[in-house]
Amino acid sequence: MAIRHIVGIAVILVVVFAAEGKSLADVADKMAPGGMNFDSEFKVPDEWIRLEGSAMAEPQLAPFDARFPNSNQTRHCWQNYIDFHRCQKIKGEDYEPCLYFKKVYLAICPTSWVEKWDEQREGGTFPGRI
């Protein structure tokens with residue numbers, strides 16, 4: 001379970017750093033100072049980060065995530081919901097790259113789950129660590 005948590009944090013860092021125009025080497029430096037050295041630049045496609053006008057209203061498929069290869073996307077839904085709120089907590093509510101996670105969880109999570117989780121967060125009974 002701890003490895004999944006670490007991978008989730010790594011995904012958040014990659015999306016945040018890529019949105020700020022930093023390379024994968026910068027991400028590696030933050031995760032393991034003095035450890036890794038990558039030559040290539042890592043960029044997250046703009047369509048994954050920015051939501052133009054009515055993009056939130058149009059249902060879209062979530063991009064493939066190697067952490068969730070199976071057809072049951074329950075864990076993928078949960079993880080992106082958590083990642084969105086963690087990103088907002090860390091970077092602030094106005095930080096645009098966090099919307100990537102929101103876009104993904106809105107595309108794959110049932111609306112009833114999202115509404116229930118939002119009510120639980122507001123009531124202080126949400127079971128996840130944000």
Colleague: Tell me the closest heavy-atom pair linking K89 and I130, and the distance in Å.
Modeller: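 Minimum heavy-atom separation between K89 and I130: NZ-O, 2.9 Å.
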Colleague: Rounded to the nearest 0.5 Å, how far apart are CZ of R129 and CD1 of I82?
Modeller: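 Rounded to the nearest 0.5 Å, the CZ-CD1 separation comes out at 10.0 Å.
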Colleague: Can you tell me how far CH2 of W117 sits from SG of C109, rounded to the nearest 0.5 angstrom?
Modeller: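 One finds 4.5 Å between SG of C109 and CH2 of W117.
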Colleague: Going by atom types alone, do R86 and Y81 pair a side-chain donor with an acceptor below 3.5 Å?
Modeller: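 Looking only at side-chain atoms, Y81 and R86 do not form any donor-acceptor pair under 3.5 Å.
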Colleague: Are any non-hydrogen side-chain atoms of D83 and K102 less than 4.5 angstrom apart?
Modeller: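 No. Closest side-chain heavy atoms not under 4.5 Å.
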Colleague: When rounded to the nearest 0.5 angstrom, what distance separates CD in E122 from CD in Q120?
Modeller: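 Spacing of CD (E122) from CD (Q120) equals 11.0 Å.
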Colleague: Would W113 and T74 count as a side chain to side chain contact (heavy atoms under 4.5 Å, CB included) here? Give the steps.
Modeller: CA-CA 10 Å; W113 292 6; T74 303; 3.9 Å; yes
Colleague: So how far is it from K91 NZ to E96 CD, rounded to the nearest 0.5 Å?
Modeller: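 Taking NZ in K91 and CD in E96, the distance rounds to 13.5 Å.
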Colleague: Could you state the interatomic distance from CG (N80) to CZ (R75), rounded to the nearest 0.5 Å?
Modeller: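 One finds 10.5 Å between CG of N80 and CZ of R75.
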Colleague: Using the test side-chain hydrogen bond (donor to acceptor under 3.5 Å, both in side chains), find all partners of Q73 that sit at least two apart in sequence or belong to another chain.
Modeller: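 Listed in chain order: H76.
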Colleague: Does the ring centre of F126 sit less than 6.0 Å away from the ring centre of W78?
Modeller: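 They qualify: ring centres under 6.0 Å apart.
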Colleague: Taking all heavy atoms of C98 and all of Q88, pick out the closest pair and write down the distance.
Modeller: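 Closest pair (atom of C98, atom of Q88, distance): SG-N, 3.6 Å.
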Colleague: Could you report the tightest heavy-atom contact between C77 and Y105, atom names first, then the distance?
Modeller: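 Answer, listing the atom of C77 first, then Y105: O-CB, 4.0 Å.
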Colleague: With a 4.5 Å heavy-atom cut-off, do L99 and F84 have their side chains touching?
Modeller: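 Sidechains of F84 and L99: in contact.
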